[in-house]
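Here the structure comes first, spelled out in C-alpha cells, and everything after it is commentary.
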Amino acid sequence: MKFLPVVLVFFSFVASSQNFISKTENYPTFPECKNVLKAEQEHCFKEQLKSFIRLNYKEPSVIASENFKGLATVLFEVDKEGVFQVLYINSEYEALNEELGRVFNALPEISPATYNGAPTYAQYRMPLQIPLTESSFTEDAIQKEKPLKSYQSEFDNIKTKDFTYPQYSSGLNIPLSHELYNRFTVNMDKIGTNAHTASKPFQYREVEPYYDMKKENLALFYDKESWFGKKFFNENTVQIQGENYWFTFDIAADLQVGKDFEESYTTYNNTRAGVLQAGLGKRLNLFTAIYESQGKFAGYFNDLAISRGRNDTFQVSVPGRGIGEPFKDGFDYPVVEGYFAYQAADFLDIQFGRGKNFIGDGYRSLFRSDTPSPNAYFKMNTTFWKFKYTNIWSSLRNPNTSTDGGAFLTKYMATHYLSFNVNKRLNIGLFETVLFESEPNRGFDWNFINPVLFYNMAEYGTGSRSGKSIIGLSYKYKWTNQINTYGQLIIDEFSVEEVRAGNKSWRNKFGFQMGVKYADAFKVNNLFLQLEYNQVRPYTYSHNTLNLHYTNDNQPLAHLWGANFRELLLITRYKKDRFYGHAKFIFGERGFETNADNNPFYGTDLLGDERLRIADEGIAIGQGNRANFYYGELEAGFIVNPTTNLKAYVSLIHRNLDVSQNTTLNFDRSTTWLNFGFRTDIFNWYYDY
C-alpha cells in the first residue's frame with residue numbers, strides 16, 4: 001500500500017504522456033476522415049484532396065492544342081479555420097494557373113491541422129504532371145512543405161488576404177452626407193420595413209439589409225490596372241485585411257475655389273485630412289479624421305463666423321466646423337473627429353468619441369442636427385422588437401465664458417429618443433433632452449446620467465435652475481413605397497392657459513415641422529423630391545443662464561437659424577451612375593436682433609438672455625428686425641471614387657436677404673456665389689444661413 005501513490009503517479013504520467021503524444025500533430029481532416037485512425041490521417045487527407053481535384057478539374061484547351069506535357073506546382077496551405085488558401089501556382093500557361101486556382105478555391109472548409117490540440121497552419125507543395133491523369137497522382141504527390149509548429153514568430157503569424165471591403169457590414173457610421181444617404185434611405189422607407197430612420201448617423205450593418213452598398217459601389221469601379229488608377233478612382237489609399245482585423249487609411253481633401261460676386265473677391269477652402277477606419281474582430285470598430293483647414297467664404301458666411309466668435313481673443317466660430325482664428329484674409333480652423341464603436345450585444349451598440357448626431361427624418365431637425373461643430377459624446381443604441389432607443393450624453397463648449405485657466409466653460413447634455421414602429425406604415429418618436437452644468441458648489445449632478453426617458457422630473461426635483469429641458473414628438477407615415485410624410489413638434493415651454501387666452505405669451509416656446517418625400521418621382525428612377533416647412537417661435541431654445549443655451553461653440557444645436565422664423569424649402573436630387581445633382585430652394589421669414597448685446601432681446605439669437613425680452617405678451621414670429629429670406633442652390637458633380645466618396649462638383653448659390661431696417665448686424669444683401677470643388681464628402685456643408 002505504501003507504493004500505491006507512486007504507482008498512481010506513474011500511471012497518470014504514462015496516461016498524460018500518451019495523451020500528449022496523441023495530440024502532438026494532426027493533419028487537416030476532411031469529414032470523410034474523421035473516424036480513421038491517427039496513423040491513416042495523412043493518407044486519408046491526401047486521397048480526399050486528390051479525389052476532389054480529379055472530379056472538379058477541367059483541362060484547359062491549350063494543353064491539348066499544344067500537346068503540352070510538363071509540370072505544374074501548387075503551393076497551398078490549410079489555415080487555422082480549415083480554409084484552403086492558394087499561395088502560389090507555377091506552370092507555363094496562365095489558363096492552367098487559373099483553372100488550378102479555381103479548383104482549390106472551390107475546396108470546402110475542413111477541420112484544421114492541430115499541434116498539441118491547438119489549431120495551426122499546415123503548408124503543402126503539390127507537383128502535378130500535366131495533362132492530368134490518374135498517374136499524375138502518387139502517394140508522394142502532396143508534400144508537407146514544413147513541419148507543423150506550435151510556435152511561429154510573431155511576424156510569420158501575421159496573415160493578410162484580399163481586401164473584401166468589410167466596412168460595409170461593420171459597426172462604423174455612414175458619414176453624414178445628404179447625397180449619400182439619399183441613395184439608400186428610399187429603400188428603408190418602404191412599407192413593411194422595420195427600419196428606424198430618425199436617429200443618425202446610421203451604421204453600415206443597419207443599412208445592409210435594405211441596400212447593398214458594397215455591391216452598388218463595386219459596380220461603379222473602373223477597370224484600372226495601374227496602382228494610381230485603382231487608388232484614385234476605386235479604392236482606399238491604403239487597405240489591409242487579415243484573419244480577424246482590417247483597416248483603411250485615406251488622404252482626404254476639401255478643396256474649393258470660387259467667387260462672391262457681391263464682394264468681388266475670390267473664395268477658397270483648403271482642407272487636408274487623414275481618415276483612418278478599422279475593425280478588430282467582429283464587434284469593435286474605430287474611426288478618426290484629422291482636418292487642417294484654411295478658408296475664405298462668401299461675405300455673409302464670413303460675417304457669421306466672426307459674429308459667433310470672441311472678439312477679446314480674436315477667435316471665430318466657423319459654422320459647422322468649430323473654433324478657428326484669423327488667417328490672412330480668411331480663417332484657420334483645425335477639426336478632429338473620431339470614435340470607438342462596440343457591439344456589446346445583438347441589440348446594443350455603444351459609441352464613444354467626438355462627432356455629430358442628427359435626430360429626424362427631414363432635411364432640418366428641430367431636435368438635434370449636424371449643423372453645429374463636432375462635440376464629445378457617449379452614445380447607446382438599443383434596438384429590439386419594434387423599438388429603437390437612442391441615448392446620447394454630450395460635452396459642449398461655450399466660447400464666451402472661460403475658466404480661470406482660459407479653457408472654455410463646459411456644459412453637458414443628455415438626449416433620449418425612443419422610436420416605435422406602430423405598424424407597417426406609422427412610426428412615432430418621443431424626444432427629450434436636458435442641458436446642465438457642473439457648478440462649483442454642487443459638483444456634477446449624476447441625476448442626468450440615468451437613461452430613463454423624460455428628464456423633466458429630474459430637473460424639477462433638483463431645482464428649476466439646475467438644467468434646461470426640451471421635449472418633442474415626431475412621426476413618419478408611409479403612404480406608398482415612394483411617398484412618405486414626416487413631422488416634429490418641439491416644446492421648450494408651453495402653457496395651455498396662455499394659448500386659450502390668445503395673448504401670444506412669450507412662454508409658449510415651441511416649433512413644428514411638416515414634410516413630404518417623393519422617391520422615384522414621376523416614375524423616374526433616382527429622382528427625389530422633398531418639400532418641408534419649419535417654424536419656431538421666439539425665445540425657443542434660449543435660457544436666462546448663458547451656459548445653458550442650446551448651442552455648441554456658439555452654434556445652434558437644432559435649426560441653424562436659431563428661433564423666431566418660418567421657412568419653406570424644396571429640394572430635388574438626381575443620380576445616374578457616378579453623376580449626381582441637386583437643387584435647393586428656401587423661402588423664409590425671419591426676425592433678427594437689432595443690436596449686438598441682445599438688449600432688448602427679440603428671441604432669435606440663442607445666446608440672448610430671455611430676461612431681456614421685449615414683452616411678456618404679443619410675441620410673434622418675425623418680431624425685431626423682420627426679414628424676407630430667399631436661398632437657391634444648384635450643384636452638379638461627379639463621384640470620382642465611390643469608396644471614399646470623393647467628388648468633383650460645381651455649385652451656384654444665390655442668397656437674398658431683405659430686412660426692415662439696415663443695421664451693422666443685418667442689412668439688405670444679395671449674394672451670388674459660384675464655387676468649384678474637389679472634396680471627400682464625409683460631412684455636410686450648410687451655407688443656407
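Just so you know, residue 1 is the first one in the sequence shown, and it goes up from there. Bear in mind that the values here come from a model prediction, so they are computed numbers and not experimental data.
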Legend entry - Pairing residues for F340 by the side chain to side chain contact (heavy atoms under 4.5 Å, CB included) criterion, not counting sequence neighbours: L284, L286
Could you tell me which residues satisfy side chain to side chain donor-acceptor pair (under 3.5 Å) with [X], sequence neighbours excluded, listed by chain and number?
X: E337; answer: none
X: N645; answer: R183
X: N244; answer: none
X: Q85; answer: D79

Inset, instruction - Could you tell me if the ring centre of F52 sits under 6.0 Å from that of Y57? - result: no
Inset, instruction - Would you check if the distance from the ring center of F579 to the ring center of Y574 is below 6.0 Å? - result: no
Is [X] reaching over with its side chain to a backbone N or O of [Y], donor-acceptor style, under 3.5 angstrom?
X: N641; Y: F232; result: yes
X: Q123; Y: L75; result: no
X: S170; Y: Q167; result: yes
X: R578; Y: K576; result: no
X: Q555; Y: S373; result: yes
X: T185; Y: Y181; result: yes
X: S395; Y: A376; result: no

Inset, instruction - Return the minimal non-hydrogen interatomic distance between A72 and I130, and the atom names on each side. - result: CB-CG1, 3.9 Å
Legend entry - Closest non-hydrogen atom pair between Y165 and N234, with its separation: OH-O, 4.5 Å
Judged by modelled atom types alone, do [X] and [Y] share a side-chain donor-acceptor pair under 3.5 Å?
X: E292; Y: Y333; result: no
X: N269; Y: T271; result: yes
X: N270; Y: S293; result: no
X: T644; Y: D250; result: no
X: N90; Y: T73; result: no
X: Q256; Y: T267; result: no
X: E206; Y: H196; result: no
X: T248; Y: Q239; result: no
X: R368; Y: S394; result: yes
X: N26; Y: T114; result: yes
X: Q241; Y: E243; result: no
X: K38; Y: Y27; result: no

Indicate yes or no: at least one non-hydrogen side-chain atom of [X] is less than 4.5 angstrom from one of [Y].
X: V316; Y: F331; result: yes
X: F378; Y: I350; result: yes
X: L557; Y: L396; result: yes
X: L71; Y: L128; result: no
X: I359; Y: T415; result: yes
X: V275; Y: I682; result: yes

Legend entry - From CA spacing to verdict: ring pair (Phe, Tyr, Trp, His ring centres under 6.0 Å), Y686, H178: CA-CA 11 Å; Y686 292 96; H178 287 299; 5.7 Å; yes
Inset, instruction - Show your working on side chain to side chain contact (heavy atoms under 4.5 Å, CB included) between F347 and Y389 and close with a plain yes or no. - result: CA-CA 10 Å; F347 58 87; Y389 188 36; over 6 Å; no
Using salt bridge (Lys or Arg N to Asp or Glu O under 4.0 Å) as the criterion, list what pairs up with [X], not counting sequence neighbours.
X: D189; value: K476
X: R397; value: D553
X: K214; value: none

Inset, instruction - Salt-bridge test for K356 and D370: reply yes if a basic N is under 4.0 Å from a carboxylate O, no otherwise. - result: no
Pairwise distance [atom1]([X]) to [atom2]([Y]) - rounded to 0.5 angstrom:
X: F367; Y: Y417; atom1: CZ; atom2: OH; value: 6.5 Å
X: T164; Y: D162; atom1: OG1; atom2: CG; value: 8.5 Å
X: F358; Y: Y363; atom1: CZ; atom2: OH; value: 9.5 Å

Inset, instruction - Evaluate whether atom CZ of F352 has more than 12 neighbouring non-hydrogen atoms of other residues, nucleotides or ligands under 6.0 angstrom away. - result: no
Legend entry - Residues, nucleotides or ligands: over 12 heavy atoms within 6.0 Å of I251 CD1: no
Inset, instruction - Look at the rings of W685 and Y687 and say which category their plane angle falls in: under 30° parallel, 30 to 60° tilted, over 60° perpendicular. - result: parallel
Inset, instruction - Kindly confirm or rule out a cation-pi arrangement of R321 over Y291, judged by NZ or CZ under 6.0 Å from the six-membered ring centre and within 45° of its axis? - result: yes
Inset, instruction - Begin with the C-alpha distance, continue with both residues' side-chain angles, and end with the deciding distance and a verdict on side-chain hydrogen bond (donor to acceptor under 3.5 Å, both in side chains) for N357 and K379. - result: CA-CA 10 Å; N357 290 279; K379 181 177 181 179; 2.9 Å; yes
Can you give me every donor-acceptor pair (side chain of residues 95-111, partner residue at least two apart or in another chain, under 3.5 Å) with its distance?
unit_1 : atom_1 : unit_2 : atom_2 : d
N97    : OD1    : S91    : N      : 3.4
N97    : OD1    : S91    : OG     : 2.5
E99    : OE1    : R102   : NE     : 3.0
E99    : OE2    : K58    : N      : 2.9
E99    : OE2    : R102   : NE     : 3.4
E99    : OE2    : R102   : NH2    : 2.6
R102   : NH2    : N56    : O      : 2.7
N105   : ND2    : G101   : O      : 3.0

Inset, instruction - Please collect all side chain to side chain donor-acceptor pair (under 3.5 Å) contacts where either partner lies in residues 341-351, sequence neighbours excluded, each pair once. - result: N173-Q351, R205-Q343, R205-D349, Q351-Y377
Legend entry - salt bridge (Lys or Arg N to Asp or Glu O under 4.0 Å) contacts touching residues 638-651 (sequence neighbours left out): E179-K647, K647-D681
Inset, instruction - Could you walk me through whether F676 and Y649 pass ring pair (Phe, Tyr, Trp, His ring centres under 6.0 Å), step by step? - result: CA-CA 6 Å; F676 298 88; Y649 68 93; 8.8 Å; no
Table please: side-chain donor-acceptor pairs of residues 215-228 below 3.5 Å, with sequence neighbours left out.
unit_1 : atom_1 : unit_2 : atom_2 : d
N217   : ND2    : Y168   : OH     : 3.0
N217   : ND2    : P642   : O      : 3.3
S226   : OG     : G229   : N      : 3.0

